[in-house]
Asker: 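Here it is, the structure, as structure tokens.
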Amino acid sequence: MRVSRLMLVTLRDVPADAEIPSHQLLVRGGYIRRIGSGIYAYLPMMWKVLRKINAIVRAELNHLGALETLLPQLQPADLWERSGRWQGYTEGEGIMFHLEDRQNRQLGLGPTHEEVITELAGDLLRSYRQLPVTLYQIQTKFRDEIRPRFGLMRGREFIMKDAYSFHANQEDLENTYQAMATAYARIFERCGLEAVAVDADSGAIGGAASQEYMVTAAAGEDLILTSSDGLYAANQEKATSRPPVALPLAAGEERMIETPDQSSIEQLCAANGLDPTQTVKVLVLLARLDDGREQPTLVSLRGDQDLNEVKLANAVSRSLNAAVLEIRPISENQLCQQDLSEFPFGAIGPDLSDTALKGCRSWENHFLRLADATALDLPRFVCGANSKDQHCWGRTWDAMPAQIKADLRTARAGDQCVHDPSQTLSECRGIEVGHIFQLGRKYSEALDARFTNSAGQQEALLMGCYGIGISRLAQAAVEQHHDEAGISWPLGIAPFQVIVVIAKIQDPTQVALAEELYQSFLDAGIDALLDDRDERAGVKFKDADLIGIPWRIVVGRDAGEGKVEVVERSTRCSTSVPHQEAFQQVKDSISTHL
RNA sequence: CGGGGCGUGGCGCAGUUUGGUAGCGCGGGUGCUUUGGGAGCACUAGGUCGCAGGUUCGAAUCCUGUCGCCCCGACCA
């Protein structure tokens with residue numbers, strides 16, 4: 001391709017709406033244009049990058065025997081009603097775009113395809129003899145994100161590869177899950193990305209085992225905790241660790257202490273010579289469930305620990321057997337609306353009585369009581385006395401209402417690891433580019449997708465599901481591979497592998513040599529770009545750096561002697577060599593890399 | 001959804017406080033000079049100042065409404 005015909009429009013100024021380097025560079029380099037909030041056009045070079053990523057993904061999945069399909073984006077609501085996700089995905093902070101057709105039928109734009117694929121599988125897969133089957137598609141997805149941001153990182157329309165596997169037994173599911181994990185590692189490696197697999201929460205999709213693939217980058221939206229020996233890595237949403245050892249409370253009788261103006265753990269400890277590990281704090285939250293229930297919830301944590309909301313939402317869902325739509329602290333305003341009198345905020349204990357909820361308007365009239373192990377393991381502790389400005393010193397759990405034990409604390413950098421106390425966790429940021437789940441039978445049961453097993457009985461299909469954010473991956477690659485001058489694409493996904501720059505277009509010698517080199521690359525099957533524009537050399541160099549082609553060959557002053565300059569984008573190393581040698585060097589580097 | 005901010009040629013911005021009919025840089029076009037790291041000079045095209053009302057002799061500027069976009073948050077009493 002010739003740059004003169006590429007519709008290359010690069011920008012010198014940083015676009016006002018782009019915050020992070022990858023977003024700025026993709027816009028400046030002429031790769032993407034914003035059409036609306038969270039909606040982007042992929043310009044020709046970007047589409048080339050995306051197609052290269054797709055090709056790698058296809059090759060690796062086809063290698064596993066997965067079958068490519070293309071599923072509808074427009075999906076009937078009744079399908080989602082049967083899986084029980086229509087309400088959660090469309091109401092409140094639901095992320096599904098939905099619409100009505102001229103017959104007033106409800107439809108959704110697919111944010112994911114479990115429903116469609118499970119329906120199809122139930123229809124087509126009738127015998128264990130047909131299993132296992134893995135289907136995948138590379139498809140545009142729609143999600144009405146609460147806050148789209150960072151260009152392609154969190155868009156409302158984006159490209160995703162999603163795969164679904166179907167199995168007759170758990171062992172088979174685990175085999176495919178492992179094979180997929182291996183394929184993912186190869187995909188990210190071939191894309192030139194440094195990605196780590198971390199234990200993850202399975203979130204709204206549901207299911208059991210789940211791992212996320214994170215591209216490490218400062219602009220990442222997720223926090224990852226890893227052990228120094230490399231044996232443990234997890235998203236902070238899911239991470240576990242050994243809490244610090246609590247200091248024992250001095251001997252003494254249980255007693256009330258006056259604690260005026262000591263509503264926080266810090267204040268309480270400072271005023272009474274306590275360590276936060278000697279206290280239990282109680283958070284009061286309201287969980288909204290997808291069956292309409294509004295459940296007041298008391299959460300007890302050791303004073304030095306932080307609540308992990310994701311773990312909490314999961315624990316509440318398990319306890320109440322309903323999905324949590326939202327969970328947040330109860331405000332005084334809400335108490336008023338429920339006709340309830342004020343709670344003793346700042347001095348609440350785990351034994352706050354259910355009578356505090358008596359007469360409420362729409363809430364459940366009893367508390368769900370959850371406690372983290374760090375709190376339950378304290379033999380004696382200080383906690384709120386449920387009356388303003390009073391705490392209770394030396395309490396025990398004996399006299400408390402029953403608590404549901406759950407892991408509710410946030411693991412932090414510096415904590416000791418569960419697998420080996422000599423290891424500690426450290427944190428880094430990551431961009432989630434892939435996620436694999438063992439779904440189990442959640443969707444196949446809801447949608448009645450059954451097959452006949454070897455014993456002749458009907459059984460729900462076991463499922464796995466595996467996603468890669470293709471467009472996000474492309475931007476993550478830029479986030480991981482750029483410098484002050486611009487993008488530095490990994491060779492495997494660069495829109496072009498080499499750019500031949502004619503320094504001075506008026507010089508026929510330069511033009512002839514450059515054309516010859518360019519043609520040789522094309523003949524060798526290499527994706528080459530020829531900068532044949534009538535621009536000053538400096539402009540062409542700046543553009544080449546900005547758009548990030550891995551190899552640049554400059555045909556300039558020494559063209560008369562047949563010599564050209566070879567520049568490697570990633571290292572910015574440049575050498576002046578005879579043109580045959582330049583061709584060979586670039587060709588070799590490309591063939592060994594791919 | 002809560003808070004903050006911004007909408008002025010294709011892009012980045014000034015002008016708005018104190019109303020007087022629009023400007024700078026980049027980019028585009030033409031010409032001359034220049035020619036290996038985003039050239040110089042000259043000329044030139046391009047904007048109902050997001051939209052709709054209102055106030056006024058007069059509105060980018062003041063008032064009301066509305067739409068769009070960006071940022072922060074939706075956190076532990």
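Atom set for the values below is all heavy atoms of this structure, side chains included, hydrogens, waters and symmetry mates excluded. In this text, all values refer to a predicted model and were calculated from it rather than measured experimentally.
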Asker: Restricting to side chain to side chain contact (heavy atoms under 4.5 Å, CB included), what partner residues turn up for A:Asn365, sequence neighbours left out?
Answerer: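 Side chain to side chain contact (heavy atoms under 4.5 Å, CB included) list for A:Asn365, sorted by chain: empty.
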
Asker: Taking only residues two or more places apart in sequence or in another chain, which ones pass side chain to side chain contact (heavy atoms under 4.5 Å, CB included) with A:Pro508?
Answerer: none

Asker: Table please: side-chain donor-acceptor pairs of residues 14-26 of chain A below 3.5 Å, with sequence neighbours left out.
Answerer:
residue	atom	partner	partner atom	Å
A:Asp17	OD2	A:Arg34	NE	3.1
A:Ser22	OG	A:Gln475	NE2	2.9
A:Ser22	OG	A:Glu479	OE1	2.4
A:His23	ND1	A:Gly151	N	3.4
A:His23	NE2	A:Tyr40	OH	3.3
A:Gln24	NE2	A:Ala18	O	3.1
A:Gln24	NE2	A:Glu19	O	3.3

Asker: Residues in ring pair (Phe, Tyr, Trp, His ring centres under 6.0 Å) with A:Trp397, at least two apart?
Answerer: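 In terms of ring pair (Phe, Tyr, Trp, His ring centres under 6.0 Å), with neighbours along the sequence ignored, A:Trp397 is linked to A:Phe381.
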
Asker: With sequence neighbours excluded, give me every ring-ring contact (aromatic ring centres under 6.0 Å, His included) pair touching residues 528-577 of chain A.
Answerer: none

Asker: Using a cut-off of strictly less than 4.0 Å between a heavy atom of the residue and any atom of RNA chain B, enumerate the qualifying residues of residues 361-374 of chain A by number.
Answerer: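 Those residues: none at all.
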
Asker: Name all residues meeting the side chain to side chain contact (heavy atoms under 4.5 Å, CB included) criterion together with A:Ser520; count only those two or more places apart in sequence or in a different chain, and write none if there are none.
Answerer: A:Phe583

Asker: Do any of residues 530-539 of chain A sit with a heavy atom less than 4.0 Å from RNA chain B, and if so which?
Answerer: A:Arg536, A:Ala537, A:Gly538, A:Val539

Asker: For A:His481, give me all partners under ring pair (Phe, Tyr, Trp, His ring centres under 6.0 Å), at least two apart in sequence or on another chain.
Answerer: none

Asker: Once side chain to side chain contact (heavy atoms under 4.5 Å, CB included) is applied, do any residues pair with A:Ser387, and if so which ones, sequence neighbours excluded?
Answerer: A:Gln390

Asker: Please enumerate all protein N or O atoms sitting under 3.5 Å from an N or O of nucleotides 8-10 of chain B, with distances to 0.1 Å.
Answerer:
none

Asker: In residues 12-22 of chain A, what residues come within less than 4.0 Å of RNA chain B, judged by heavy atoms?
Answerer: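 Contacting residues: A:Arg12, A:Asp13, A:Val14, A:Ala16, A:Asp17, A:Glu19.
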
